[in-house]
There are 2 protein chains.
Amino acid sequence: MKKVSEPTIGRLSLYLRLLLDLSDAGVSTVSSEDLATRSGTTAAQVRKDLSLFGTFGKRGLGYSVNELVTRLRSILGLERRWSVALVGAGRIGAALFGYENFRRQGFYIEAVFDSDPAKVGQSWSGLVVESDDRMEAVLSERSIEIAVVAVPVRAAQAVVDRLVASGVRGILNFAPTQLEVPEDVVVKTVDMALEMEGLSYALTRLNGASGAA
Amino acid sequence: MKKVSEPTIGRLSLYLRLLLDLSDAGVSTVSSEDLATRSGTTAAQVRKDLSLFGTFGKRGLGYSVNELVTRLRSILGLERRWSVALVGAGRIGAALFGYENFRRQGFYIEAVFDSDPAKVGQSWSGLVVESDDRMEAVLSERSIEIAVVAVPVRAAQAVVDRLVASGVRGILNFAPTQLEVPEDVVVKTVDMALEMEGLSYALTRLNGASGAA
DNA sequence: AACTGTGAAAACTTTCACAGCC
DNA sequence: GGCTGTGAAAGTTTTCACAGTT
């Protein structure tokens, strides 16, 4: 298998989402041009992205929506169920919890941890918030492979070290900090401050035609 | 001014954050090598990124932490105050609201809107949630340039159209959908489902050494 | 005729390596 | 000697353009 870039994977996820909409709408066939328009890229890009994993289309016809959904789910590893732990029972965690697409794509939150005794014992849509003392025990008991880290920066690295030691291999990190992990552990960081600063930069360039300083 | 890429801007934001930590720690000088290690990139990359905007370092010595902070804040447009509106008074909004770095970097939430009558009138740390009917009036009254969109997918495009019509030029979008905006409006989308699927893909590759299908 | 799959070209980004300054 | 700034080289991603299939 050739090496596949991050942006390609992001686009495949996006195509999958669009294809699910099309499938719901009863559309059975789609062209690379159509997918490109809907996803804000080009037809050549769509074909290239897909061709990295096989030949899924029919020349002259396009792609079968349902077949492509199946293929993309397979490529992205979404045919199985993933057990997810949420560390930090704060507002970000709550937001994720309410995000229904989450479950629909096979991500099941199976444990919620917090270090605040006031939060431990609270019920979160059927799950009980556990003390972070119990992290190691619960993670291995429930075979959890993915964790969402939504704790303050100062606590993040220590939490991640414990997660990794307990077998977690994938981490979605909301703490605005650089995390150290072994190379067989994957971290994706969602950094809202970074995005806001990107906006600030872009707007500053757009308005003033002037330079940096 | 040469064209500057998205990844470069992201790294500049990251350098800024690290420099602020260094400054707090009383460090006065930093080398490209040091910044590179802390940000997970290479010394050459750090120097190249910075050199796109000027020559800020001293050969043989490195960079002055405080000077570089000032320069980066200027480059990123963070020397001013940005007025931000939050559309959708749900859990994501609440999370952002509590995010103190936000204010520290000059982003002030000046208005919160929701279409749910039950939420309108509620107080959010001093701000009153307003009906979305009042969006146009409030946005122009308070000269709001940036909006955070945290509404369901089905409502997102309509909200964005109204924001744009009222002068908003930058949007941080949490709705997992592709938004249409005029080319002088900047959108950054934070898509957690996409990130989770990226994790799923990466973990699937890591474990099974086998191919896609 | 319509549309895919794909090598080749173009564009872009990162890394190298070293001249130049402190 | 230590470290930056930067052209040139290497590597990566996107776009082009067209042969090939239905």
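Below, chains carry the letters A, B, ... as their sequence lines are ordered, and counting in each starts from 1.
- Between the NZ atom of B:Lys3 and the P atom of D:dT14 there is a distance of 13 Å, given to the nearest Å.
- Among D:dG5, C:dT14, D:dT13, the nucleotide with an atom closest to any side-chain atom of B:Ser51 is D:dG5.
- Considering only residues two or more places apart in sequence or on other chains, A:Ser5 meets the side-chain hydrogen bond (donor to acceptor under 3.5 Å, both in side chains) condition with A:Thr8.
- For the pair B:Arg71 CZ and D:dG5 P, the computed distance is 11 Å after rounding to whole Å.
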Name every donor-acceptor pair, under 3.5 Å, that has one atom in a side chain of residues 146-154 of chain A and the other anywhere in the protein, sequence neighbours excluded.
none

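- Spacing between atom CZ of B:Phe53 and atom C1' of D:dT6 amounts to 16 Å, rounded to whole angstrom units.
- Not counting sequence neighbours, the partners of A:Thr42 by the side chain to side chain contact (heavy atoms under 4.5 Å, CB included) test are A:Ala44, A:Gln45.
- Atom CD of B:Glu33 and atom C1' of D:dT4 are 13 Å apart (whole Å).
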Which donor-acceptor pairs under 3.5 Å do the side chains of residues 184-192 of chain B make with protein atoms, sequence neighbours left out?
from: B:Lys188; atom 1: NZ; to: B:Glu6; atom 2: OE1; distance (Å): 2.7
from: B:Thr189; atom 1: OG1; to: B:Asn173; atom 2: ND2; distance (Å): 3.1
from: B:Asp191; atom 1: OD1; to: A:Arg17; atom 2: NH1; distance (Å): 3.4
from: B:Asp191; atom 1: OD1; to: B:Ala193; atom 2: N; distance (Å): 3.3
from: B:Asp191; atom 1: OD1; to: B:Leu194; atom 2: N; distance (Å): 3.1
from: B:Asp191; atom 1: OD2; to: A:Arg17; atom 2: NH1; distance (Å): 3.3
from: B:Asp191; atom 1: OD2; to: A:Arg17; atom 2: NH2; distance (Å): 2.3

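- The side chain of B:Gln45 lies closest to C:dT15 when the candidates are D:dC3, D:dT12, C:dT15.
- Residues passing the ring pair (Phe, Tyr, Trp, His ring centres under 6.0 Å) test with A:Phe56, sequence neighbours excluded: none.
- In this structure B:Arg80 satisfies the side chain to side chain contact (heavy atoms under 4.5 Å, CB included) test together with B:Trp82, B:Glu145, sequence neighbours excluded.
- Dashed line: the shortest gap from a side-chain N or O of A:Ser5 to OP1 or OP2 of D:dT12 is not under 4.0 Å.
- Under 4.0 Å is where a charged nitrogen must lie from a carboxylate oxygen, and between A:Asp21 and A:Arg38 no such pair does.
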Do nucleotides 16-22 of chain C as a string where each nucleotide becomes B, S or -: B if the base has a protein heavy atom under 4.0 Å, S if just the sugar-phosphate does, - if no protein is that close.
BB-BBBS
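- Remark: B:Tyr63 is not in phosphate contact with D:dG2, judged by side-chain N or O atoms under 4.0 Å from OP1 or OP2.
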Which atom pairs, donor and acceptor, lie under 3.5 Å between side-chain atoms of residues 59-67 of chain A and protein residues at least two apart or in another chain?
from: A:Ser64; atom 1: OG; to: A:Glu67; atom 2: N; distance (Å): 3.0
from: A:Asn66; atom 1: OD1; to: A:Ser23; atom 2: OG; distance (Å): 3.1
from: A:Glu67; atom 1: OE2; to: A:Arg71; atom 2: NE; distance (Å): 3.3
from: A:Glu67; atom 1: OE2; to: A:Arg71; atom 2: NH2; distance (Å): 3.4

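- Sorted by residue number, the members of residues 9-27 of chain B with any non-hydrogen atom under 4.0 Å from DNA chain C read B:Arg11.
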